[in-house]
Amino acid sequence: RSRGLGDVYKRQRRNSNVASIGSVATLPKTGPPLSLRAVAGCLLGKAPNPYEYERSGPMSEVFSILLHNRQRYEQGKEGLWFSLPTTTEKLQEALREIGISADNPQDFFLYDYQSPQERSIKLPRDLVLSADVDELNFLAARLEKLDAAELAELNAALTSPQSDFHSIGQIIDYPDNVDYYVHLPDVTGTGQLGDYYLNRSGMVDMPEEWKGGIDTAQFGRYVAQQEQGVFTEYGYLVKSGDAWQKVHEGQSVPEEYRV
């Protein structure tokens, strides 16, 4: 498969300073593992050593998780929306608020997740609800660093029918692999893809008057089939040919992100 589109688009993106951006849950049988540090903090009423656990710098919401207590859920009580990334102190306070302590860690579970409308993240819901809070906190901190164009590309990859993401660890590694994909956020159909190749990519060298005889939709359809690209609600996505770098997947969550 030709890497022409990948080379062209990545070169354009690197030279541009403009970033474009083109439920009811079932009660799980078991919840994600609860941090022993968080439970111990609730039980003892002690804050952790800030020099060991506290992260420096301001934090803003990347996405939120809905914390719940199984007994409270069965009583029809609401859970608590909790923003990530976070600190150990804030998680301890939230757990106390929903009645979770070292006496009942098995009652803790995640019920849902959401992200800000202005910076939506289309994470697979089943992966979020089966992850532990440490892993999600690390994920939020990693995604916090993405610019608008990189986030749009990630959303395209996450919502693709041929998505390569099957674990939170893989998504954590995305910031180290932003060039793994080529993303055209404004291309949502075969006609637009054909027009891009024909008139904007610089890859088709022919007299301008000849281009009018080309069916751009048919051309775009052929291109997408040849390079195995996909159309998503976030634009057109194709693999660039770069190798995926496995950095954090399968590794322990770094200490500074454990809560």
Side-chain angles (χ1 to χ4, degrees), residues 1-22 62-63 84-85 113 115 119-128 130-131 135-190 192-193 196-197 200-203 220-254 257:
R1 170 169 67 79
S2 171
R3 291 182 56 193
L5 177 57
D7 293 339
V8 169
Y9 185 67
K10 283 193 286 186
R11 183 167 62 250
Q12 289 177 343
R13 197 170 90 173
R14 285 166 178 162
N15 292 337
S16 173
N17 292 322
V18 180
S20 61
I21 208 167
V62 175
F63 61 88
L84 297 176
Y113 96 95
S115 57
R119 192 175 163 85
S120 177
I121 301 176
K122 298 296 185 179
L123 299 171
R125 187 172 177 277
D126 59 330
L127 294 185
V128 173
S130 61
E135 192 175 27
L136 294 176
N137 194 50
F138 186 33
L139 172 65
R142 295 275 291 163
L143 299 186
E144 187 177 27
K145 302 173 183 177
L146 299 180
D147 63 29
E150 292 165 344
L151 183 58
E153 179 181 277
L154 174 60
N155 281 335
L158 289 170
T159 58
S160 166
Q162 303 170 16
S163 177
D164 298 298
F165 294 107
H166 306 294
S167 71
I168 292 295
Q170 289 175 311
I171 306 174
I172 287 174
D173 275 347
Y174 170 76
D176 294 302
N177 292 277
V178 294
D179 287 336
Y180 183 75
Y181 298 102
V182 177
H183 179 223
L184 302 177
D186 300 323
V187 174
T188 57
T190 56
Q192 290 175 316
L193 181 62
Y196 173 82
Y197 259 109
R200 292 187 285 152
S201 70
M203 298 173 65
R221 188 177 305 110
Y222 176 80
V223 169
Q225 290 174 348
Q226 289 298 306
E227 62 184 9
Q228 299 179 17
V230 294
F231 297 97
T232 76
E233 62 178 301
Y234 290 91
Y236 181 74
L237 191 74
V238 63
K239 293 179 182 179
S240 69
D242 289 354
W244 181 268
Q245 303 300 316
K246 187 175 179 180
V247 181
H248 299 286
E249 182 188 359
Q251 304 297 316
S252 299
V253 173
Y257 300 101

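Values reported hereafter were calculated over all heavy atoms of this structure, with side chains retained and with hydrogens, waters and symmetry mates removed.
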Next item on the list: Mark yes or no for whether Ser240, through its side chain, and Asp179, through its backbone, hold a donor-acceptor pair below 3.5 Å.
Entry: yes

Checklist line | Heavy-atom pair with the smallest gap, counting every atom of Tyr180 and Ala243 | finding: CD1-C, 4.0 Å

Next item on the list: For atom CZ of Phe165, decide whether the heavy atoms of other residues, nucleotides or ligands shown that lie under 6.0 angstrom number more than 12.
Entry: yes

Next item on the list: Quick one: pull up CD in Glu135 and CG in Leu127 and give me the separation to the nearest 0.5 Å.
Entry: 9.0 Å

Next item on the list: Provide the full list of salt bridge (charged side-chain N to carboxylate O under 4.0 Å, His left out) pairs with a residue in residues 243-254, sequence neighbours left out, each pair given once.
Entry: none

Checklist line | Residues which pass side-chain contact (heavy atoms from CB on, under 4.5 Å) with Ser115, listed by chain and number, not counting sequence neighbours | finding: Phe63, Ser120, Ile121

Next item on the list: Of all the heavy-atom pairs spanning Ile171 and Pro175, show the shortest one and how long it is.
Entry: O-CD, 3.8 Å

Note to self: If I compare all heavy atoms of Pro254 with all of Phe138, which pair ends up nearest, and what's the gap?
What the structure shows: CD-CE2, 3.6 Å

Next item on the list: State, to 0.1 Å, how close Lys145 and Glu150 come at their nearest heavy-atom pair, and which atoms those are.
Entry: O-OE1, 4.4 Å

Checklist line | Distance-minimising heavy-atom pair for Pro85 and Ala141 | finding: CB-N, 4.2 Å

Item checked: side-chain contact (heavy atoms from CB on, under 4.5 Å) partners for Asp176, two or more places apart -> Arg142, Asp173, Val247, His248

Checklist line | Whether Gln226 side chain and Val223 backbone form a donor-acceptor pair below 3.5 Å | finding: no

Margin query: Which heavy atom of Tyr197 sits nearest to which heavy atom of Glu227, and what is that distance?
Written below: OH-OE1, 2.9 Å

